[in-house]
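Scroll down for the structure; my scribbles are underneath it.
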Amino acid sequence: MSDPFELNDDKPIAPASNEPAPHLPPRAGSARDSNEGDLPPSWLENLNPEQREAVIATEGPVLVLSGAGTGKTRVLTTRLVYILAQHLAKPWQILAVTFTNRAAREMRDRVTKLVGPAAEAVWLGTFHALGVRMLRRHGEIVGLRSNFTILDADDQVRLLKQLMEADNLDSKKWPAQALMGVIQRWKDRGLTPDKVGREPGVDFAGGHALSLYRSYQERLKSLNAADFGDLLLHCLTIFQMQPDVLAQYQAQFRYVLVDEYQDTNVAQYLWLRLLTQTHRNLCCVGDDDQSIYSWRGAEVGNILRFEKDFKDAKVIRLERNYRSTPTILAAASHLIAHNADRLGKTLRTGHDGDVDPGPPVKVRGVWDGQEEARWVVEEIESLQRGGHKLPEIAILVRAGFQMLEFEERFITTGVPYRVVGGPRFYERLEIRDAVAYLRLIHQPADDLAFERIANKPKRGLGDTTIQKVHQLARGRDISLVEASLRIVETDELRPQARTALKALSAGIERWRSLKDTLPPSELAAQVLEDAGYTAMWQHDKSPEAPGRLDNLREFVSGLEEWESLAGFLDHVSLVMENDAQAGQDSVTLMTLHAAKGLEFDSIFLPGWEEDIFPSRRSLEENGQKALEEERRLAYVGVTRARKRVHVSFAANRRVYNQWQSSIPSRFIDELPKQMIEYQADAGLYGGQGGTWGGLSESASARSGTGYRRPLRMVEAEEWEIKPRAASERGFKIGDRVFHQKFGYGLVEEIDGSKLAIAFDKAGRRRVLDSFIEPS
DNA sequence: TATTTTGGTCTTTTT
DNA sequence: GACCAAAATA
């Protein structure tokens, strides 16, 4: 038998034993059918035959290939409830894995609604949260005490930077961030340092990558800390080193359910495969067309591996979409059909008979980013006037930086909005500082936290002092806190620094003694006060100081919900979502990645321009494969909509600080022309209406929805903005002008009082003529 | 020695 | 326009 800890695509893994599963579910098999009376209740009857099959096929491996909007969440939830209702397993014998905390919470809520508090005992969470749960219990096998710290990306980079500096590596040539990427990808593939061979990335940092990885892991151990990748990797190591621990979990988890399976990485796959060896009741739900996390180590190949490793796997396809209009489905299907690398699935509408095809996909071309934002917000306002609710509207962008223009527009128009996954509460610097204090109290070996707060507020503990403490700590192999306690007893430091450090380390000792007597929120309030951290911001005259104080207050009051510091700290590192502003009557603004699994009536997809979407960076790095992933991302975007999709692109965009002209995304060409209504400003791509004329029938035939809708081409003249020869203040194209901020430039275009000027230094910009003087 | 100023590089996506 | 690392200043 091959090694179940290795990923070997040639040799399928045999079940751990040939005996049938030791437990026979009380009501498996034929009992199911005869029990229609009390079970299944109505929630089973609302499913279509495929969904139903996916729910009741509880025994043995099952792979559910489920297209967008085909009700996969529903299937998973129902399946879980079904297992409980049939008494096939106790709640704690079920393992349900999701990708995001939001999905986990949602599933937990739904299950609780159906089965009550029993749902609490189900092992339900993200891979990482479940990994932590196991590690807190068995971490000592890999050298972690149960109060270990979970490092965030920032800490990781800082740590790696220190290690690289120690090796005298040029931080310009080899950024720590990049090394972190390399290490993370290794971890995603389940590779501990001793397993890294000729993997991509070993040559990084002049061949030092592997030894840096090794010392990084050493360092983490001495800090009693783990990074995100470790949460799974350490589990694998533990399973390997302690077969009895593995066996215990294998016996425990009778049923395992996995959501968003297409986005699992190798480490997660191994983890799942190991845990399911005994009962083999593994049900994975995924959609290869929605695989958008390969950059994070996700492997669509896991879908193929599943069928290979579990030869008897039942494969169920869910292809009936209940979410979107036929028009949207056709557009999405047509788009994704351009991908070569697919398992092949056809999405069709779940509604029978005559269905309203719904409005066409609006495609809009505008002059620049600001105009795009203006158009989008105007459309939103008109939807709102038409009675549509703001929470049913979302703007999905490719990357975070695209959000700015929309936020500005929302603020000036007063349309309420919320950003999902934007700057997160726990990533704000004052919150990170506050958390660092708590981390240090909880876990004194946390040197990174110590370094962070040592001189905040300023105590006169600068680099040199910290370096000395470091030296001592390194030499004696102790933590920075211990080292400070010892160094203040010597005369190594100058008196000033010595007193300051003495006060700080005494403070830490004192706070630690309060840890078990005070509730976390009071502890935090007292520590921040005591350390002078609150005072620091009170005396700060900068404009953002009051906001930071607000955040700190919110932080402390948020802590009131927590009984233990440990629980709160896990929450901070694992649940990075900021749902404080959720709900409400507001438009949602987020990245396409964050939108996976959500749905809205109306979706806006701005920035469909080459180099932005598909992203140039991604294409440069991974070529054709990346292009297909970008296309899947577009597919995910379009399929989020129930009723309306609005795509837009701008002819000019400011990148960094330079104006660049852009061309519409190839994905726009890949939408079926029958399904779209195209409008572009005169002079822009397609603006004359000619580009999109002469439509062939073939696209409609291929779309396979069996209905046709005439394309409504809006004549460009109807709303064309006539270019004027001269602006209101008399500037002409070709004039040489001067601007206070941007310097000298040449007028290139005129639109009312707005001028497009090619500045000598600042690049091409649009400015109001009131800021311009003739040169 | 600690803090402020300046000058260079940049940004995909996230548990 | 933002963030970090090295130089200038108190």
Side-chain angles (χ1 to χ4, degrees), chain A residues 97-104 125-132 150-154 156-158 161 165 170-173 175-178 180-181 184 187-188 226-233 259-260 263-265 267-268 291-298 396-404 420-424 426-427 429 454-455 458-468 493-494 496-497 500 570 572-578 590-596 607 611-622 626 629-630 632-634 636-637 654-658 741 762:
Chain A
V97 196
T98 63
F99 249 81
T100 60
N101 294 294
R102 185 177 44 72
T126 61
F127 278 104
H128 302 274
L130 294 163
V132 170
I150 301 163
L151 296 190
D152 60 28
D154 214 76
Q156 290 177 52
V157 175
R158 209 179 303 225
K161 202 175 276 173
E165 268 162 23
D170 183 0
S171 68
K172 291 247 164 66
K173 200 170 169 197
Q177 184 97 29
M180 183 181 74
Q184 228 157 45
K187 290 188 175 183
D188 286 340
D227 67 17
F228 263 81
D230 286 337
L231 299 181
L232 281 155
L233 198 57
D259 193 11
E260 308 284 9
D263 286 325
T264 49
N265 60 37
Q268 291 162 338
S291 152
I292 53 176
Y293 280 100
S294 72
W295 51 273
R296 213 176 73 193
L396 309 182
V397 295
R398 171 67 243 262
F401 69 84
Q402 294 172 263
M403 293 187 184
L404 217 86
V420 173
R424 284 171 258 255
Y426 292 120
E427 280 173 12
L429 103 152
N455 208 21
K458 298 198 165 46
R459 302 181 168 93
L461 296 173
D463 269 352
T464 22
T465 315
I466 298 298
Q467 279 317 316
K468 283 194 180 137
L493 299 176
R494 36 184 66 214
Q496 219 181 346
D570 268 3
V572 171
S573 17
L574 292 173
V575 187
M576 316 233 331
E577 287 163 275
N578 176 16
M590 63 182 145
T591 64
L592 284 159
H593 283 87
K596 194 174 66 163
D611 291 357
I612 291 187
F613 190 38
S615 131
R616 189 175 83 222
R617 248 191 95 107
S618 140
L619 260 46
E620 274 169 3
E621 273 171 34
N622 291 310
E629 180 146 324
E630 295 284 308
R632 289 194 291 271
L633 204 46
V636 166
R654 197 174 52 213
V655 192
Y656 300 127
N657 222 359
Q658 297 223 310
K741 209 159 136 203

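Keep in mind that what you see is a predicted model, and the values were worked out from it rather than measured.
- Atom name P, nucleotides C:dC4 and B:dT13: the rounded distance is 16 Å, in whole Å.
- Within 6.0 Å of CZ on A:Arg616 lie no more than 12 heavy atoms contributed by other residues, nucleotides or ligands.
- The distance between atom CD of A:Glu630 and atom P of B:dT13, rounded to the nearest whole Å, is 11 Å.
- Counting non-hydrogen atoms under 4.0 angstrom, A:Gly229 reaches nothing in the nucleic acid.
- Distance A:Arg296 CZ to B:dT13 C1': 9 Å, rounded to the nearest Å.
- Distances shown here put a side-chain N or O of A:Lys161 below 4.0 Å from the OP1 or OP2 atom of C:dA5.
- Rounded to an integer number of Å, the gap from A:His128 NE2 to B:dT15 P is 9 Å.
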Nucleotide N/O of nucleotides 5-9 of chain B paired with protein N/O under 3.5 Å:
none

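- Contact check, A:Thr591 against B:dT14: a side-chain N or O comes under 4.0 Å of OP1 or OP2.
- Here the CG-CD distance, from A:Leu130 to A:Gln268, works out to 11.0 Å after rounding to the nearest 0.5 Å.
- Of the candidates A:Leu396, A:Ile292, A:Val636, A:His593 forms a side-chain contact (heavy atoms from CB on, under 4.5 Å) with just one, namely A:Ile292.
- A side-chain N or O of A:Glu630 and one of A:Ser618 form a donor-acceptor pair less than 3.5 Å apart.
- Between A:Asp230 and A:Lys187 a salt bridge is recorded (basic side-chain N to carboxylate O distance below 4.0 Å).
- A cation-pi arrangement, defined by a distance under 6.0 Å to the six-membered ring centre and an angle within 45 degrees of its axis, is absent between A:Lys596 and A:Tyr293.
- At whole-Å resolution of the value, CD in A:Gln268 and C1' in B:dT14 are 12 Å apart.
- Checked against side chain to side chain donor-acceptor pair (under 3.5 Å), A:Gln402 has no partners two or more places apart in sequence or in another chain.
- Nucleic acid contact class of A:Phe127 (heavy atoms, under 4.0 Å, all strands): none.
- Here the P atom of nucleotide B:dT13 and the CZ atom of A:Phe401 are 8 Å apart, to the nearest Å.
- Residue ring and nucleobase are stacked for A:Trp295 and B:dT13, with a centre distance beneath 5.5 angstrom and an angle between planes beneath 30°.
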Q: Kindly express the pairing pattern of DNA chain B in dot-bracket notation, using | wherever a base pairs with another strand and counting only Watson-Crick or G-U pairs under 3.5 Å.
A: |||||||||......

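- Note that the OG1 atom of A:Thr264 and the CG atom of A:Asp259 stand 11.0 Å from one another [nearest 0.5 Å].
- Atom pair A:Met180:CE and B:dT15:C1' shows a separation of 12 Å (rounding to whole Å applied).
- Shown here for A:Asp263 and A:Ala298, the closest heavy-atom pair between the two residues is O-CB, 3.3 Å.
- Note that CH2 of A:Trp295 and CZ of A:Arg617 are 12.5 Å apart. Values are rounded to the nearest 0.5 Å.
- Residue contacts for A:Thr126: at a heavy-atom cut-off of 4.0 Å it reaches the sugar-phosphate backbone alone, with no base atom in range.
- Atom CG of A:Asn101 is separated from atom C1' of B:dT15 by 8 Å (rounded to the nearest Å).
- For the pair A:Gln177 CD and C:dC3 P, the interatomic distance rounds to 14 Å; values are reported in whole Å.
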